[in-house]
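Down below is the structure, laid out as structure tokens.
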Amino acid sequence: MTRIATWNVNSLRVRLPQVLEWLAAHQPDVLALQETKLPDEIFPVAELAAAGYSVVFNGQRTYNGVALLARGTGRDFADVVRDLPGIEDPQRRVLAASIGPVRVVNLYVPNGQSVDSDKYRYKLDWLRALRDWMRAETERHPHVLMLGDFNIAPEDRDVHDPDRWAGGVLVSAPERDALRELLALGFSDVFRHFEPATGHYSWWDYRQGAFRRDHGLRIDLILAAEALAGRCLGSSIDREPRRSDRASDHTPVVAEFDI
DNA sequence: ATGGCTGCTTTGAGCAGA
């Protein structure tokens, strides 16, 4: 059994103690992190090694930054990719590696800010480049999965109040179309293999007591290619870290595979 | 309509996040 998880930590500097605690409690084989906000020179390699994890990372100061943690010391990360092919992007949002039998593509999809902004256009361009790249990746690696902060709630059931969010960034039709095009390459959102109901979210705004009121969105996803999706044993969202005093606004999402 | 929090920044009010 292989347990794979994703967590947007919103600053690994602040959240490292929580990450170490979560690793010890859940022992994932792979954990993909987003928004580490750390330059590579100060990535906490030693602290994670002491916790029994090998790491590879693609960071920058202040913004963005992604990392992959694999259980075991001296683990091999093969065919590492740090840039989205076909797009010029200084923002560190992508990290792909082959870890054992699985090709893992860790993504921090641009937020988009608002549908009338340049950042929204960048988000859609970025998603188009991602689709073209993933089309090739699925041919090279049948056991591929994409996971991370997609900054898109796939459907209205992934939104606490669809009327309030309608047409806005994170739920707008062009973004959802872009996500559907990714899925059409043969991927599936494994959380939905097991849980059809609304009310399951992975992000809650820091403001307005959104977590307490459960005003959330499900925007952190694990999308598995057919060969892996058929071997998915379960998927869940762990709300526990979101309760902590100094929580990330996102919480971990986990999937288990029979591989 | 706005700002509400949080983290970050060549320490400050401003940006970005979602």
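Numbered from 1 within each chain, the chains take letters A, B, ... in sequence-line order.
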>> The criterion is salt bridge (charged side-chain N to carboxylate O under 4.0 Å, His left out); which residues satisfy it with A:R246, sequence neighbours excluded?
In response: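 Checked A:R246 against salt bridge (charged side-chain N to carboxylate O under 4.0 Å, His left out); zero matches.
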> Does A:S11 put a side-chain nitrogen or oxygen below 4.0 Å from OP1 or OP2 of B:dC8?
Replying inline: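 For B:dC8, OP1/OP2 do have a side-chain N/O of A:S11 under 4.0 Å.
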Extract all donor-acceptor atom pairs below 3.5 Å that involve side chains of residues 148-156 of chain A and protein atoms in other chains or at least two apart in sequence.
residue: A:D149; atom: OD1; partner: A:N151; partner atom: N; Å: 3.0
residue: A:D149; atom: OD2; partner: A:N8; partner atom: ND2; Å: 3.0
residue: A:N151; atom: ND2; partner: A:V109; partner atom: O; Å: 2.8
residue: A:E155; atom: OE1; partner: A:R157; partner atom: NE; Å: 3.1
residue: A:E155; atom: OE2; partner: A:R157; partner atom: NH2; Å: 3.3
residue: A:D156; atom: OD1; partner: A:R176; partner atom: NH1; Å: 3.0
residue: A:D156; atom: OD1; partner: A:R176; partner atom: NH2; Å: 3.3

Starting from [atom2] on [N], measure out to [atom1] on [X] and report it in whole angstrom.
| X | N | atom1 | atom2 | result |
| --- | --- | --- | --- | --- |
| A:R164 | B:dT2 | CZ | C1' | 14 Å |
| A:D245 | B:dT6 | CG | P | 11 Å |
| A:F211 | B:dT6 | CZ | C1' | 16 Å |

> Where along nucleotides 11-18 of chain B does protein come under 4.0 Å, by heavy atom, of base (B) or sugar-phosphate alone (S), with - for untouched nucleotides?
Replying inline: -----SBB
> How would you list all residue pairs meeting side-chain hydrogen bond (donor to acceptor under 3.5 Å, both in side chains) that involve residues 36-56 of chain A, not counting sequence neighbours?
Replying inline: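 For residues 36-56 of chain A, and leaving out neighbouring residues, the side-chain hydrogen bond (donor to acceptor under 3.5 Å, both in side chains) pairs sorted by first residue read A:N10-A:K37.
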Measuring only the [atom1] atom in each nucleotide, how far is [N] from [M]? A whole number of Å is fine.
| N | M | atom1 | result |
| --- | --- | --- | --- |
| B:dG3 | B:dA18 | C1' | 15 Å |
| B:dA1 | B:dT6 | P | 26 Å |
| B:dG12 | B:dT2 | C1' | 23 Å |

>> Using heavy-atom distances to pick each residue's nearest nucleotide on DNA chain B, tell me which of A:G209 and A:T62 is more 5'.
In response: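 Taking each residue's closest nucleotide, the earlier one in sequence belongs to A:G209.
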> Of A:Q208 and A:K37, whose closest DNA chain B nucleotide lies nearer the 5' terminus?
Replying inline: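 Its nearest nucleotide lies further toward 5', so the answer is A:Q208.
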Donor-acceptor contacts, no H, no angles, side chain residues 225-237 of chain A, under 3.5 Å, sequence neighbours left out:
residue: A:R231; atom: NH1; partner: A:D258; partner atom: O; Å: 2.5
residue: A:S235; atom: OG; partner: A:V254; partner atom: O; Å: 2.9

> Below 4.0 angstrom, N of the basic side chain to O of the carboxylate: do A:D29 and A:R3 qualify?
Replying inline: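 So A:D29 does not pair with A:R3 through a salt bridge.
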>> Among residues at least two apart in sequence or on other chains, which ones pass ring-ring contact (aromatic ring centres under 6.0 Å, His included) with A:H215?
In response: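 For A:H215 the ring-ring contact (aromatic ring centres under 6.0 Å, His included) partners, ignoring immediate neighbours, are A:H160.
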